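Working notes, beginning with the structure itself.
The basis for the numbers below is simple: all heavy atoms, side chains too, and nothing from hydrogens, waters or symmetry mates. Order of the sequence lines fixes the chain letters, A, B, ..., with proteins taken first and strands second; residue numbering starts at 1 for each chain. None of these values were measured; they are calculated from a predicted model.
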2 protein chains.
Amino acid sequence: MRPQTAKAVREWRTSCAAEITTMVLGGAWKPSILHALAEHDVLRFGELSRQLSDLTDRVLTRQLRELEADGLVRRVVYPQVPPKVEYSLTELGENAQEVLNAMAAWGRSYAAEHDPDR
Amino acid sequence: MRPQTAKAVREWRTSCAAEITTMVLGGAWKPSILHALAEHDVLRFGELSRQLSDLTDRVLTRQLRELEADGLVRRVVYPQVPPKVEYSLTELGENAQEVLNAMAAWGRSYAAEHDPDR
DNA sequence: CAGAATCCATCGTGATACTG
DNA sequence: CAGTATCACGATGGATTCTG
């Protein structure tokens, strides 16, 4: 049986490493989140939420937790009131930018072929 | 929701374009299928099914139809008995190899970081 | 040989309301 | 501020059975 989560894939003898990438980066909003973090270096939760105004806090939280679990995002909690949590890219997350750019480039050429009026 | 400024549009397109790629290439078995087709140029349905022995014919059929609808795979039916159907990559599908290789490379480095003993 | 039909389990995503 | 709790829903993925 084929594993479903990125974590499970790590323990699965896979012959296709590209599938690992789609599992880690394939979340609906993960490219956008990683892109925002790459531009601003460090963002608080509220700042991220404002930048990505199309997704609810609930969804943003989950995507961030997954990215953190996969080692792409660093989460720093300051124990104070009101709470303050800062998110930034790890080295692995920064390395992912290269792939994301390659994927974005192909996605654009694909869209141009299928949707020339954009 | 679409962004308002030109800069925001550029960023939106960048991150959004990566999501297009995950939509087209992100199917559970699509990287494997495209890889098999890239290696053998032309494959019949049964040959593909034997190479990708982990998925049922039903699933393989659907993935192939999606790839065909997305313009990555060419499907040629020979009207004869017994039936013969050949699959091969279109030019778009061949172009995708570059991205798939980039994704596979990152996926491997990701796996190495999380699972150094392999 | 190359599928189609049917049905089902799971997962990702999202809306809403609430909180230390 | 930075989340959590709950519920719901549609899209994939898969198992099984059947066919020109």
Side-chain angles (χ1 to χ4, degrees), chain A residues 1-9 12 14 16 19-33 36-37 40 42-70 73-88, chain B residues 1 15-16 18-20 22-33 36-37 42-70 73-88:
Chain A
M1 182 69 68
R2 179 170 204 290
Q4 301 300 321
T5 69
K7 180 169 178 294
V9 162
W12 179 59
T14 179
C16 192
E19 290 171 10
I20 298 178
T21 303
T22 64
M23 294 208 173
V24 178
L25 304 180
W29 300 98
K30 286 176 185 175
S32 301
I33 294 173
L37 287 175
H40 297 85
V42 176
L43 285 175
R44 297 182 59 174
F45 182 86
E47 293 171 328
L48 264 172
S49 179
R50 249 166 278 123
Q51 295 236 350
L52 308 165
S53 50
D54 286 344
L55 73 175
T56 63
D57 288 355
R58 169 74 172 129
V59 175
L60 177 56
T61 299
R62 274 184 309 203
Q63 303 274 315
L64 282 169
R65 291 297 152 82
E66 288 178 22
L67 287 171
E68 187 192 3
D70 285 336
V73 161
R74 189 180 299 113
R75 178 168 176 264
V76 180
V77 182
Y78 296 87
Q80 63 186 38
V81 177
K84 175 180 172 182
V85 179
E86 284 183 347
Y87 291 92
S88 57
Chain B
M1 185 69 69
S15 52
C16 193
E19 290 167 12
I20 296 176
T22 64
M23 290 191 187
V24 178
L25 303 180
W29 300 98
K30 286 177 185 174
S32 300
I33 294 173
L37 286 177
V42 177
L43 285 175
R44 298 182 59 174
F45 183 85
E47 293 171 329
L48 264 173
S49 179
R50 248 166 278 124
Q51 295 234 350
L52 309 164
S53 49
D54 286 344
L55 74 174
T56 62
D57 287 355
R58 172 73 175 129
V59 176
L60 178 56
T61 299
R62 276 184 308 204
Q63 303 275 313
L64 282 170
R65 290 296 153 83
E66 289 178 20
L67 287 170
E68 186 192 4
D70 286 337
V73 160
R74 188 181 300 112
R75 178 168 175 266
V76 180
V77 181
Y78 296 87
Q80 62 185 40
V81 177
K84 173 179 173 183
V85 179
E86 284 183 348
Y87 292 92
S88 56

Picking from C:dG3, C:dC1, D:dA2, the nucleotide nearest the side-chain atoms of A:Lys84 would be D:dA2
Just compare D:dA15, C:dC1, C:dT13 and give me whichever is closest to any side-chain atom of B:Thr56.
D:dA15
For A:Ser32 and B:Glu19, work out which heavy atoms get closest and say how close.
OG-OE2, 3.2 Å
Over how many whole Å does the gap from [X] atom [atom1] to [N] atom [atom2] extend?
{"X": "A:Arg62", "N": "D:dT6", "atom1": "CZ", "atom2": "P", "answer": "14 Å"}
{"X": "A:Gln63", "N": "C:dG14", "atom1": "CD", "atom2": "P", "answer": "8 Å"}
{"X": "A:Trp29", "N": "C:dT13", "atom1": "CH2", "atom2": "P", "answer": "10 Å"}
{"X": "B:Phe45", "N": "D:dG20", "atom1": "CZ", "atom2": "C1'", "answer": "15 Å"}
{"X": "B:Glu66", "N": "C:dG3", "atom1": "CD", "atom2": "P", "answer": "15 Å"}
{"X": "A:Lys30", "N": "C:dT13", "atom1": "NZ", "atom2": "C1'", "answer": "12 Å"}
{"X": "A:Arg65", "N": "D:dA5", "atom1": "CZ", "atom2": "P", "answer": "11 Å"}
{"X": "B:Arg75", "N": "C:dA2", "atom1": "CZ", "atom2": "P", "answer": "10 Å"}

Does the side chain of A:Arg58 get closer than 4.0 angstrom to OP1 or OP2 of C:dA17 through an N or O atom?
no
N or O in side chain of B:Tyr87 less than 4.0 angstrom from C:dC1 OP1/OP2
no
Could you pick out which residue, B:Gly26 or A:Pro83, lies toward the 5' side of DNA chain D when each is mapped onto its nearest nucleotide?
A:Pro83
Identify, between A:Ala28 and B:Leu64, the residue whose nearest nucleotide on DNA chain C lies closer to the 5' end.
B:Leu64
Distance (rounded to the nearest 0.5 Å) between [X] [atom1] and [Y] [atom2]:
{"X": "A:Leu48", "Y": "A:Gln63", "atom1": "CG", "atom2": "CD", "answer": "12.0 Å"}
{"X": "A:Arg62", "Y": "A:Asp57", "atom1": "CZ", "atom2": "CG", "answer": "11.5 Å"}
{"X": "A:Leu64", "Y": "A:Lys30", "atom1": "CG", "atom2": "NZ", "answer": "10.0 Å"}
{"X": "B:Thr61", "Y": "B:Glu68", "atom1": "OG1", "atom2": "CD", "answer": "11.5 Å"}

Using a heavy-atom cut-off of 4.0 Å across all strands, would you classify B:Val59 as base, sugar-phosphate, or nothing?
base
